[in-house]
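Notes for the one structure printed next.
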Amino acid sequence: MSNVPTVRIPQPVVTGALESSSILDSIAIFQPLAPQLKKQLEAQLTRRALKPGELLFQAGDVGDAMYLIVGGMVSVFTADKALGLTYELAKLGRGQAFGEMALVTGEKRSASVRALEETQLLVLSRDVFYKLVNAAPQVALTISQVLARRLEDHNQTQGIEFGSLREIAFDPALLELVPPALIKRHRMVPITMAGNIATVATPDPSNRLGVDDLRRVLRGIEIKLLAVSETDYDQFIAKHLTQAAERPAPTQTQRLNLAALSRQIVFHGVGGGEDEARLKQGAAGQDVVELFNAILIEAIERGASDIHIEPDRNRVVVRYRVDGRLAFRDGTIPFALHAPLLSRIKVLASLNIAERRLPQDGRISLDLGQKSFDLRVATVNAKFGEKVTLRILDSSALEQNLQSLVLAEKVSQVVRKLFYRPNGLVLVTGPTGSGKTTTLYAAIKERFNPELAICTIEDPIEYDVPGITQVQVNEAIGLGFTDVMRTFLRQDPDIILVGETRDAATAKLACSAALTGHLVLTSFHTNDSVAAVMRLREMQIEPFVLAGSLLGVINQRLVRRICPSCRVETQYSDVIRQNLDHAGVPLDPAARLYKGAGCKACNGEGFKGRVGVFELLVVSAAVRDAIAQEANASQLRQAAQDGSFVSLARYSQFLLSEGLTVPSEVLRILPRE
């Protein structure tokens, strides 16, 4: 016979004593109960006291009770041992409850709980809960509604719907968009397309790596997930994809028709290129127009970030930067076409075509099909004539969000939390070309809200973002970062993005703005996150100001990503594993590693696109104290060992284990001890 007292529903007798308040009045699950039942239930709860810092339970423990906070405060958090990161999910105080899910399901705890101060709890065991449900069935309904509401809120946040494939109006042509190997690997298949939104069915909507691989293949297309049952998915695949595994990838000719695409290019701001007075030296000649269009279209098709047009002694060399590496364009261009080609570019960029000695900077805007691009143009006079470099800015980059950039889920959650703070300073650091601007734009895009005033200070403005105020600095007229920053601080902004913090004056203003109620986001050129703190200190930022304003530092790199269409498991030599170990990336001997075999989708390279490698330093209480006490770099790293720091090496280990990149790429970007 159970020792747990039976919970009985009392007779509905109304007395003044029964109307006295109960701690259960503030708990949503128990609010529908009659006052007498609440009082009787409260009497069956056991009490538990926690000291500051005491761990109540940790992830993986058996879930056998629910807890109600009578006094004090607790932290609910998860820890990723592989990454060395602790992520706080919530702080809970008096009147709040936790542990409902484990109480109902009996599953192991998914998070840990630690007391932040002296805390008193009431404990509802499973035995008492079951007796309560038998006595008051409405409790079971209420708790089901609470948990269902949480699940619905989570799914809406993640863009997930539930449904069935049995009655779906499936378009088989969509299978041409995604390689069969990717569908098989991730169990994700596109089923409908409406406008620019592709609905993708999957029995595993939590597979973020699969979603990211799909985004790489379906460039510029928004993905909407439809969660289906395993049986439903398997039956659909058996019916519609019997022959899909043998379907050949589209050929280069099918993917790219230069002549057709060339006719789709629309340049803006140059009067259609018909001003014969300006188009000197044959810049308007049909052969020059077609040559430049071909160079541009091929660069976009290959996913290049930059185009280098360089004169040699007797020819013109064109190179594309693809996935961080330069590659030659096939064929040769006679030197005689250099001058008219350069004039064509200068005309489109509104530059002085007669000026050949001094460097010039300009911009070209164009539409190609349904997509818009901006080209940043820079010229410089070299030994054999002017070299021109064009940076390709694809507006579809603005469609990336933080979750698609930061693939390690726990790290992504912490990064998003930093960018959602109401005030403070967040630094994004790394070398040139490491993706800092993309991360910052993803942050302000995610935070965009008509109720917020968002301002940016840039040099130059990379992308046009509707709904925010963007200002380009102009040192020639005395409009620098600090001048614009001072002006912004008088215009009631909520979020300020400073394209780059280059000097002490800008750094001091950024810290001051962060302390006075603004969220300040900025990029910084340092090799690691701890070095960023040291650099700010060298800029004479007072320790207490730096400690009070800085929220965190995100340091990043880019590595080439294994092509998802031809990824295969492979074995690497002991020498490679030893080098990884020396670089701080020890691998388990049984760890599976991958490479790209090479296919038409990646032009035989084995790589398709790039993926971010992130180092993260969160300014926790321990780190804040270390900064305030002017700790050195070693002491600061030690203070961050409380779960506030993820190194590049640990994040690289995650990328390798998930089959996203190869050891040589990791070794290229990691510092050697």
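The shown structure was predicted, so the numbers you read here are calculated from the model rather than taken from an experiment. Basis for what follows: all heavy atoms, side chains included, without hydrogens, waters or symmetry-related copies. Just so you know, residue 1 is the first one in the sequence shown, and it goes up from there.
Side-chain contact between Asp494 and Leu519 is absent, with no heavy-atom pair separated by less than 4.5 Å. In this structure, Ile223 and Met188 have side chains that are not in contact, with every pair of non-hydrogen atoms separated by 4.5 Å or more. You'll find the side chain of Arg557 reaches within 4.5 Å of the side chain of Leu648, heavy atoms only. Two residues are said to be in side-chain contact when any heavy atoms from C-beta on lie closer than 4.5 Å; Asp306 and Leu390 fail this criterion. Val498 has its side chain within reach of Thr506: a pair of non-hydrogen atoms, C-beta onward, lies under 4.5 Å apart. Arg376 is listed as a side-chain neighbour of Pro460, based on a closest heavy-atom distance under 4.5 Å.
A salt bridge is defined here as a Lys NZ or Arg NE, NH1 or NH2 lying under 4.0 Å from an Asp or Glu carboxylate O, and Glu462 with Arg391 fails to meet this definition. Classification of Asp374 and Arg363 as a salt-bridged pair holds, one side-chain N sitting under 4.0 Å from a carboxylate O. Remark: Glu54 engages Arg48 in a salt bridge, criterion side-chain N to carboxylate O under 4.0 Å. The pair Arg502-Asp459 meets the salt-bridge criterion, since a charged nitrogen lies less than 4.0 angstrom from a carboxylate oxygen. Using a 4.0 Å cut-off between charged nitrogen and carboxylate oxygen, Arg535 and Asp528 do not count as a salt-bridge pair. Between Arg668 and Glu665 there is a salt bridge, with a side-chain nitrogen of the basic residue lying less than 4.0 Å from a carboxylate oxygen of the acidic one.
Two rings, from Tyr463 and Tyr441, have their centers less than 6.0 Å apart.
With Val411 as the fixed residue, the side-chain contact (heavy atoms from CB on, under 4.5 Å) test singles out one of Ile554, Val646, Asp80: Val646. Checked options Leu407, Leu85, Val585, Leu656; the residue passing with Tyr651 is Leu407 (criterion: side-chain contact (heavy atoms from CB on, under 4.5 Å)).
The side-chain tip of Arg447 does not point at the ring of Phe419 from less than 6.0 angstrom away and within 45° of straight on.
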Steps toward side chain to side chain donor-acceptor pair (under 3.5 Å) verdict (Asn632, Ser634): CA-CA 6 Å; Asn632 59 33; Ser634 177; 4.6 Å; no
Thr661/Val666 under side chain to side chain contact (heavy atoms under 4.5 Å, CB included): CA gap, chis, key distance, verdict: CA-CA 8 Å; Thr661 193; Val666 166; 3.8 Å; yes
Step-by-step salt bridge (charged side-chain N to carboxylate O under 4.0 Å, His left out) determination, Arg416 to Glu446: CA-CA 9 Å; Arg416 292 183 74 247; Glu446 190 158 324; 2.5 Å; yes
Verdict with reasoning, Glu500 to Thr522, per side chain to side chain donor-acceptor pair (under 3.5 Å): CA-CA 6 Å; Glu500 183 181 346; Thr522 185; over 6 Å; no
Intermediate values then yes/no, side chain to side chain donor-acceptor pair (under 3.5 Å), Gln556 and Ser434: CA-CA 6 Å; Gln556 62 183 81; Ser434 59; 5.0 Å; no
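Gln653 contributes no side-chain N or O that, together with a main-chain N or O of Ala649, makes up a donor-acceptor pair within less than 3.5 Å. For His518 (side chain) and Ala513 (main-chain N/O), a donor-acceptor pair under 3.5 Å exists by modelled atom type.
Minimum interatomic distance between Ala115 and Leu50 (heavy atoms only, all atoms of both residues): CB-CB, 3.7 Å.
Using modelled atom types and a 3.5 Å distance limit, the side chains of Ser529 and Glu615 yield a donor-acceptor pair.
The distance from the OG atom of Ser365 to the CG atom of Leu375 is 8.0 Å, given to the nearest 0.5 Å.
Ring orientation note: the planes of Phe98 and Tyr67 are close to parallel, at an angle under 30° on the 30°/60° scale.
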